[in-house]
2 protein chains.
Amino acid sequence: MKAKISDAVVNRLPVYRRYLEDLMHEDVERISSNELSKRIGFTASQIRQDLNNFGGFGQQGYGYNIRALYKEINSILGLDQEYRMVIVGVGNLGQAIANHTKYYKNGFPIIGMFDINPKVIGLRINDVVVQDADNLVDFLKENKVDIGIITTEKEAAQGIADRLVQGGVRGIWNFAPRDLVVPKNVSVGNVHVTDTLNSLVYRISHIEEE
Amino acid sequence: MKAKISDAVVNRLPVYRRYLEDLMHEDVERISSNELSKRIGFTASQIRQDLNNFGGFGQQGYGYNIRALYKEINSILGLDQEYRMVIVGVGNLGQAIANHTKYYKNGFPIIGMFDINPKVIGLRINDVVVQDADNLVDFLKENKVDIGIITTEKEAAQGIADRLVQGGVRGIWNFAPRDLVVPKNVSVGNVHVTDTLNSLVYRISHIEEE
DNA sequence: TGTTTTTTGTTATTATTATAACAGTCAAAA
DNA sequence: TTTTGACTGTTATAATAATAACAAAAAACA
């Protein structure tokens with residue numbers, strides 16, 4: 001009868017992870033919800049409540065052990081496993097992701113890259129050669145892929161998503177400015193970059209009113 | 001006594017904008033909150049309530065005129081103005097943004113680019129030459145810049161933010177995985193890309209439990 | 001032209017999320 | 001050891017956000 005964790009909480013987990021990583025690099029050993037609150041900007045109460053959704057990781061009179069908590073959060077997030085990824089759409093953004101060391105070296109190997117543009121097909125990035133997008137379905141049949149990354153233009157996004165789903169991916173990391181329709185056993189994580197610029201602009205132009 | 005618009009609403013505005021743009025391209029003239037609800041996935045009630053924060057754009061028995069509403073939302077977002085931008089950090093991601101036609105052609109001219117890497121300093125992208133980051137403060141003194149884009153590594157992000165603020169930018173579009181400290185008259189829009197991958201992974205690994 | 005249907009704007013209600021409060025536990029100090 | 005103070009885990013309360021309901025208005029139809 002484990003209660004469903006709300007999206008708000010799930011979206012804060014990577015934030016905790018980030019701050020804990022920084023704290024580890026500062027060689028801090030432990031931290032109270034109160035101190036963490038000052039850094040991270042959430043209330044101490046919220047921090048304690050968030051963490052308690054997953055277990056009692058702290059200790060009264062001591063706080064939280066940073067290294068242990070970091071490990072727990074990684075485990076909660078599912079980062080103790082490897083996720084094999086393919087990139088569809090090898091433009092500037094696709095290449096930026098492909099070149100991001102953190103991904104291909106730490107649990108997120110990019111094992112295939114696809115595009116329809118003859119100019120990039122054949123290109124080699126970190127020992128992976130960009131293939132024709134027509135090969136995508138076959139590739140997915142032959143290789144277990146966990147996450148498909150969509151960095152195509154928006155018009156192609158749903159079609160690619162369909163092929164990725166058909167090929168059995170468990171998640172889609174979508175950078176195209178289109179919301180995707182997928183079966184409910186597949187998760188989508190959107191990065192609607194332009195949306196964030198638009199809401200930033202809203203805040204800029206309404207900042208005086210407050 | 002205009003009530004403060006919540007972040008939840010502000011973050012949905014770009015979504016409305018995106019769907020309305022698509023509808024315009026489909027040459028649809030009008031839409032009811034109910035039909036829009038089916039497309040966009042928010043409840044009709046929420047759509048009506050969101051829009052009514054800004055004015056009565058619809059008409060009983062008719063719905064919303066798409067072209068007019070699109071224009072209204074652009075105006076609400078502040079997209080009827082121009083925002084001059086600089087990019088700090090011209091790696092893969094910075095270049096991807098610099099090359100994005102939509103930005104430099106539609107209200108978001110990129111007028112300066114900066115890096116510390118001698119290999120990219122001097123590089124020309126869309127007629128803008130990458131300068132040494134040491135020139136940033138001087139450049140900001142001489143040119144009105146509205147938005148600074150941070151695409152550096154996380155360690156440099158806060159220092160760049162300080163210089164951007166000092167140089168008078170109104171907003172910072174931050175792609176570095178660090179939360180920034182800025183005065184309250186400056187807005188920050190974060191794109192914590194890796195956070196979205198982490199929460200996607202959470203959802204993937206917990207999808208069966210539901 | 002009158003009637004029915006559609007659909008909004010807006011208020012009321014419910015659900016969700018965040019904050020506050022506090023008893024109980026552990027660590028550190030005396 | 002014993003006591004004090006520092007914290008968590010957890011429940012209670014408040015704030016916020018989403019949904020539902022509905023009267024009023026306009027459009028469509030007869």
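Reminder, nothing fancy here: chain letters follow the sequence lines and each chain counts from 1.
Across the protein-nucleic acid pair, B:N34 atom CG and D:dC22 atom C1' stand 15 Å apart, rounded to whole Å. In this structure, B:D50 atom CG and D:dT19 atom P are separated by 10 Å, rounded to whole Å. Rounded to whole Å, atom C1' of D:dA18 lies 12 Å from atom CZ of B:F42. Atom CD in A:Q60 sits about 6 Å away from atom P in D:dG9, given to the nearest Å. One interatomic measurement links the two molecules: CZ of B:R30 to P of C:dT7, which rounds to 7 Å at whole-angstrom precision. Distance, B:N53 CG to C:dT11 C1': 14 Å, rounded to whole Å. A:N52 has its CG atom 17 Å from the P atom of C:dG24, to the nearest Å. Taking atom CD on B:Q49 and atom C1' on C:dT7, their separation rounds to 16 Å, with Å as the unit.
A cation-pi arrangement is present between B:R30 and B:Y62 under the rule of less than 6.0 angstrom and at most 45 degrees off the ring axis. Figure legend: B:R12 and B:F42 shown as a cation-pi pair, the cationic atom lying under 6.0 angstrom from the six-membered ring centre and within 45 degrees of its axis.
Between B:E35 and B:S45, the residue anchored nearer the 5' end of DNA chain C, judged by the nucleotide with its closest heavy atom, is B:E35. In terms of position on DNA chain C, the residue among A:Q59 and A:R48 whose nearest nucleotide sits closer to the 5' end is A:R48.
Side-chain contact between B:I97 and B:F175 is present, with at least one heavy-atom pair separated by less than 4.5 Å. Put simply, the side chain of A:T151 does not reach to within 4.5 Å of the side chain of A:Q95, judged on heavy atoms.
Residue contacts for B:T43: at a heavy-atom cut-off of 4.0 Å it reaches the sugar-phosphate backbone alone, with no base atom in range. Residue contacts shown for B:Y64 are limited to sugar-phosphate atoms, with no base heavy atom under 4.0 Å away.
Listed pair A:S6 / C:dT16 fails the phosphate criterion, with no side-chain N or O lying under 4.0 Å from OP1 or OP2.
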